[in-house]
Number of protein chains: 2
Amino acid sequence: MKAATELHYTPNALAQNFVRRRSGNLGVILPLLPKVHLFSKYYFAEILSGIGQAANERGYDLLLMFAGADENKDYLRLFDARKVDALILLGRREIPEDRASLTALVEHKHPFCLIGQRFTGLQTDTVDADHITGSYEMVRHLIESGRRRIAFINGPMEYSNSEDRLAGYKAALADNGIDYDINLIFEGNFSRKSGYELASTIASIHDRIDAVFATNDRMALGLIQGLNEIGISYKDLTVVGYDNADIAQFCNPPLTTVEVPLFEMGQLATNKLLDRMSGGLLGESFHEKLPTRLVVRSTNI
Amino acid sequence: MKAATELHYTPNALAQNFVRRRSGNLGVILPLLPKVHLFSKYYFAEILSGIGQAANERGYDLLLMFAGADENKDYLRLFDARKVDALILLGRREIPEDRASLTALVEHKHPFCLIGQRFTGLQTDTVDADHITGSYEMVRHLIESGRRRIAFINGPMEYSNSEDRLAGYKAALADNGIDYDINLIFEGNFSRKSGYELASTIASIHDRIDAVFATNDRMALGLIQGLNEIGISYKDLTVVGYDNADIAQFCNPPLTTVEVPLFEMGQLATNKLLDRMSGGLLGESFHEKLPTRLVVRSTNI
DNA sequence: CGAATTAATGTACACGCGTACATTTTACGA
DNA sequence: TCGTAAAATGTACGCGTGTACATTAATTCG
């Protein structure tokens, strides 16, 4: 050992990993970021930080990959080529390609974990926030502050998050004796623009609603801007969001929203995944749901 | 080849890299993200996307690392252990630790590239945006629209970007026959809070200035909010920012700012770095500066 | 003090690929 | 048809580590 330090010997990680038959890498799949408006970019930054911190603590390196067009479903290759020992996938959706590639991973029993998405029927590890409760509490908050007719701008149903938030919305209405009205349900694509474009529709039913619950902050902001241009101030119609993105606190008005523990989600996914790997892949797949937190900023009159 | 495909043979990347004596990994060093308020998080997301795209095209994988406390200066280890073939470093500053670790890299002739930071005296590859011109044009724009007494809120001087933006500011003043006044120069730390806290100071010289140029959008927004609480509306005092972060367009008022081609910076750094590596490490070190773009939103009266 | 047990040290080999070189087959012109 | 060059195929070895096993040294206990 003394000689080793004197000679500045550093083990060759390549050779180590080769003979150990493991890469020491935890793969992280991101959607192609440049065009991403679906999530706020800070969504990924936070989750990645959580993953990075946990992985580092356990001696794993992070191999970052963007789910491009080419290797779309070739997650299997990553394992076959021993490039990664496990995989964490972000931003997956309920579309045939994603489902197919994940099914293949399950069949080959490769360890991986989904963050923020659920595929029913697939035995996969998942980590998510409890969006049902998050949505429920937001709606309850609105109701408790006197609103009863609450429009709902959801994201694409390809995301299980959207299902969850709708479920929470419905449950809160039901628990407060308010009828669910399909005519108050709208769909955006999580972009600011989609919120903006719904402004005219919302304006047309303005007199029949007390509030609008947009399922992310960007859509909420777009809507507020669109309504503003039409002449409907935030003082006339409450709009709330979801995510507690950084823009939520700087905008005008500061947005009432739901905080999601993104950093912790990344951390938890990593730890659970690596735990189970060192434990010999035993045990059931896990489905963690972290609590959200209502952030009341200005659900004003 | 036919047999290979029939048997679903996939080369073992570990063995390949081992015998080739290269990892196939491009290391990317990020500052610890969770506590980062210095840059907007979208700064890193954009640059990372650019790096990822370019690296992928050339068959390199991205090894993501967060510059924690422990392995702070152990970038050398990454090369000795053959974990990376080259390194891209983000968010470095002019502090002894950073300078020391970079000096070591230079001495060992390891290929690496800095993005957004310059270390004078060190022969390193760098990619940055042309902040001198970016700052110059912003100030010229302010002057052309009638302002002459322009306060300047800079970031920490540990960042070469801060030097550059100050240089651009000074040059624009000089070219328009306006005296540089040290009393109009302030320093924040790129956080919204630091802008907010400067509000009272700015307010005290309110009658002696026509505009405030904050060198990032977050400080500008914090300042606007702080001024607002004091009773100084954005209609009374123009505030402009820098970066064109996404918050810049949603805030009230929409912020006049300077766009920085972050994605392209990541792309360029990667390509230049890998180019030179495949070319046998020949040639001088490169210092690329990409153009910025003035984004006029509401430099109102 | 010697045998038995335990610890320390030494040795050989395999991991799966690239590469250099040897061998065989094919192609081509005389 | 034969000889030579070119192409295809085959063979052996090394990359730097972990690991299993063999050997040697140190320790323990009767």
Side-chain angles (χ1 to χ4, degrees), chain A residues 1-27 55-63 65 70-71 74-87 104-105 108-112 273-282, chain B residues 1-27 55-63 65 70-71 74-87 104-105 108-112 273-282:
Chain A
M1 293 307 292
K2 194 177 144 218
T5 48
E6 273 174 10
L7 297 168
H8 298 103
Y9 167 76
T10 305
N12 184 329
L14 254 49
Q16 285 182 318
N17 293 333
F18 172 54
V19 72
R20 283 176 181 148
R21 276 94 166 284
R22 35 152 276 173
S23 65
N25 292 334
L26 173 61
N56 219 324
E57 276 177 7
R58 312 183 54 140
Y60 271 82
D61 291 318
L62 240 53
L63 206 63
M65 345 211 50
D70 44 349
E71 83 262 79
D74 264 11
Y75 304 142
L76 277 182
R77 287 267 158 163
L78 295 175
F79 286 97
D80 291 343
R82 305 285 155 76
K83 283 207 172 189
V84 300
D85 300 330
L87 220 46
L105 283 181
H108 287 76
K109 306 195 176 178
H110 290 307
F112 72 100
L273 192 57
L274 297 185
D275 275 349
R276 106 178 338 229
M277 285 178 59
S278 55
L281 284 166
L282 35 91
Chain B
M1 292 309 292
K2 193 175 145 219
T5 48
E6 273 174 10
L7 297 169
H8 298 103
Y9 168 76
T10 305
N12 183 329
L14 253 49
Q16 286 183 317
N17 293 334
F18 172 53
V19 72
R20 283 177 181 148
R21 278 95 166 284
R22 35 152 275 172
S23 65
N25 292 334
L26 173 62
N56 219 324
E57 277 176 7
R58 313 181 56 139
Y60 271 81
D61 291 318
L62 240 52
L63 205 64
M65 345 211 50
D70 43 350
E71 82 260 82
D74 265 10
Y75 304 142
L76 277 182
R77 286 267 159 164
L78 295 175
F79 286 97
D80 290 344
R82 305 285 154 77
K83 283 206 172 189
V84 301
D85 300 329
L87 220 47
L105 283 181
H108 287 75
K109 305 196 175 178
H110 289 307
F112 72 99
L273 192 56
L274 298 185
D275 275 349
R276 108 179 335 229
M277 285 178 59
S278 55
L281 284 166
L282 34 92

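Worth saying up front: this structure is predicted, and the values here are computed from it rather than measured. In what follows, every chain begins at residue 1, and chains take the letters A, B, ... in the order their sequences are listed.
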Report task. Take A:Asp85 and A:Ser23 through the side-chain hydrogen bond (donor to acceptor under 3.5 Å, both in side chains) test and state the conclusion after the steps. Result -> CA-CA 6 Å; A:Asp85 300 330; A:Ser23 65; 3.1 Å; yes
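Atom CZ in B:Arg22 sits roughly 13 Å away from atom C1' in C:dG18 (whole-Å rounding). The separation between B:Tyr9 atom OH and C:dG16 atom P is 10 Å, rounded to whole Å. For the pair B:Leu14 CG and C:dG18 P, the interatomic distance rounds to 13 Å; values are reported in whole Å. If you take CZ of A:Arg20 and P of D:dT19, they are 7 Å apart, rounded to a whole angstrom. Distance B:Lys83 NZ to D:dT17 C1': 15 Å, rounded to the nearest Å. Rounded to whole angstrom, the span from the CZ atom of A:Arg82 across to the P atom of C:dC15 amounts to 12 Å.
In this structure the side chain of B:Thr10 reaches within 4.5 angstrom of the side chain of A:Arg77, judged on heavy atoms. Contact of the B:Asn25 side chain with the B:Tyr60 side chain is not registered, since no non-hydrogen atoms from C-beta on lie closer than 4.5 Å.
Between B:Gln16 and C:dG18, a side-chain N or O to OP1/OP2 separation shorter than 4.0 Å is present. The side chain of A:Arg21 places no N or O atom within less than 4.0 Å of a non-bridging phosphate oxygen (OP1 or OP2) of C:dC15.
Of the inter-residue distances, the one linking B:Leu87 atom CG with B:Phe79 atom CZ reads 4.5 Å to the nearest 0.5 angstrom.
Comparing atom distances between the B:Asn12 side chain and each of C:dG16, D:dT17, C:dG18 picks out C:dG16 as nearest. Of the candidates D:dG16, D:dG18, C:dC17, D:dG16 carries the atom nearest the B:Phe18 side chain, counting heavy atoms from C-beta on.
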